[in-house]
Amino acid sequence: METISLTSIKKEFTVAATQETAFKVFTEQMDMWWPRTHHIGSADMTEIVVEPFVNGRWYSKHADGSEANIGYVSTYQPYDLFVLAWQINGEFKCDPNLITEVVTQFIPEGPNMTRVKFEHKDLHKLGSGKAVESMNEGWGTIMELYKKQAEQ
Amino acid sequence: MSASERAFNALGDPTRRAIFEKLRDRPLAVVNIADGLPVSRPAVSQHLKVLKEAKLISIKTHGTRNVYEVNREGILAMREYLDKFWDEALVNFKKLVENTEKENSKPQ
């Protein structure tokens, strides 16, 4: 199930795994699920790192030996809740003054089933806002955009 | 560069962000946009040009003066960029978790 909100992105789904496994894979193995093509470094990304504690760094490592900060861990509550501060600004650089939250909850639904509730909040800080919220043709415009991107 | 990347780049500058914030409330003429900003009118015009090229704002002509307003398409493009990114990442995540769980539950 997905909820369309213009100031946050929400994703909700279940995984056939225990709460502990889901939490650990999300926090400790991000390198294995993060799309390799998305980074802000100066060379190919070789690894993405999340230090698994409050205020731990969140950054990527690159083929030329450089590192690029993405943000930091703001809440670390195994195995229920994990919150990251996403600080990538408009120039694809890490801006310590910008905080948008990436909140992930892990809710056990059975011995081998976990519900994952994901939300990237505060997108208005990246530029959405009143004009967007007042828009009533939301889906129509979004479909237009898909079409445009597909035709590019 | 895609539309969303252009939009992100345009908002990377603090002055442009300030201008954009102003326009979020209501459409404004250049003179009103420059009001209270610590930059010259020509600089404001230059910033407006960048925002317009990124499709974050658009211009309407009212009589003899230009009024700038937020362009909804450009903003949605930014949101779409992140939405697609997380979709891709979370699908990968789900596959990995479920494979990991299968491995974990195999008899030792």
Side-chain angles (χ1 to χ4, degrees), chain A residues 2 4-11 13-18 20-26 29-30 32-35 37-38 86 88-93 95 97-98 100 102 104 112 114 116 118 120 123-132 134-135 137-138 141-142 144-146 148-149 152, chain B residues 1-17 19-27 50-51 54-58 69-105:
Chain A
E2 284 190 25
I4 286 290
S5 150
L6 293 160
T7 56
S8 79
I9 290 168
K10 291 183 187 176
K11 312 277 180 197
F13 53 95
T14 54
V15 291
T18 64
E20 181 178 347
T21 303
F23 185 90
K24 282 185 172 171
V25 168
F26 197 96
Q29 294 181 48
M30 187 178 285
M32 291 179 66
W33 56 264
W34 188 270
T37 44
H38 288 73
W86 167 288
I88 296 174
N89 71 11
E91 283 181 345
F92 283 104
K93 289 191 177 118
D95 176 357
N97 296 318
L98 173 74
T100 67
V102 177
T104 314
N112 201 38
T114 304
V116 179
F118 171 94
H120 190 163
L123 298 178
H124 57 286
K125 292 181 185 171
L126 299 174
S128 81
K130 286 177 190 166
V132 180
S134 65
M135 189 182 68
E137 72 265 40
T141 314
I142 286 168
E144 279 280 318
L145 266 171
Y146 270 122
K148 274 193 185 165
Q149 288 202 342
Q152 259 171 20
Chain B
M1 231 184 344
S2 72
S4 53
E5 278 169 337
R6 270 197 297 275
F8 273 118
N9 284 335
L11 287 175
D13 179 272
T15 306
R16 283 201 287 274
R17 274 204 299 274
I19 292 171
F20 187 77
E21 294 283 312
K22 278 190 159 193
L23 292 176
R24 267 169 47 184
D25 297 330
R26 59 200 155 95
V50 176
L51 289 168
K55 293 188 178 154
L56 285 165
I57 61 170
S58 51
E69 63 183 15
V70 163
N71 180 341
R72 296 180 301 205
E73 255 184 39
I75 298 163
L76 274 173
M78 291 172 53
R79 188 194 174 287
E80 280 306 286
Y81 171 84
L82 282 173
D83 196 27
K84 283 182 187 166
F85 164 72
W86 284 120
D87 262 342
E88 190 183 341
L90 293 171
V91 164
N92 291 348
F93 164 71
K94 181 177 161 78
K95 280 185 203 156
L96 183 64
V97 174
E98 292 181 346
N99 286 339
T100 305
E101 193 62 62
K102 271 184 210 154
E103 288 298 314
N104 287 352
S105 57

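These values consider heavy atoms only, across backbone and side chains, with no hydrogens, waters or symmetry-generated copies.
- Scanning all heavy atoms of the two residues, the minimum distance from A:A17 to B:V97 falls at CB-CG1, 3.2 Å.
- Contact record, A:V15 with B:E98: CA-OE2, 3.3 Å, taken as the closest heavy-atom pair.
- To the nearest 0.5 angstrom, B:N92 atom CG is 13.0 Å from A:Q29 atom CD.
- Among residues two or more places apart in sequence or in another chain, the ring-ring contact (aromatic ring centres under 6.0 Å, His included) test is passed with B:F85 by A:W34, A:H38.
- For chain B, no part of A:E20 is nearby; none of its heavy atoms comes within less than 4.5 Å.
- Within the 4.5 Å cutoff, the side chain of A:V116 has heavy atoms near those of the B:F93 side chain.
- Among residues two or more places apart in sequence or in another chain, the side-chain hydrogen bond (donor to acceptor under 3.5 Å, both in side chains) test is passed with A:T114 by none.
- Here the side chains of B:L82 and A:W86 are in contact, with some heavy-atom distance below 4.5 Å.
- B:W86 pairs with exactly one of A:F13, A:F118, A:W33 by the ring pair (Phe, Tyr, Trp, His ring centres under 6.0 Å) rule, that one being A:F118.
- Looking at B:K94, its side chain does come within 3.5 Å of a backbone N or O of A:T14 through a donor-acceptor pair.
- Looking at A:N112, only its side chain comes within 4.5 Å of chain B, counting heavy atoms on both sides.
- Nearest heavy-atom pair, A:T18 versus B:E101, reported as atom, atom and distance to 0.1 Å: N-OE1, 2.8 Å.
- Side-chain contact between A:F26 and B:L96 is absent, with no heavy atoms from C-beta onward closer than 4.5 Å.
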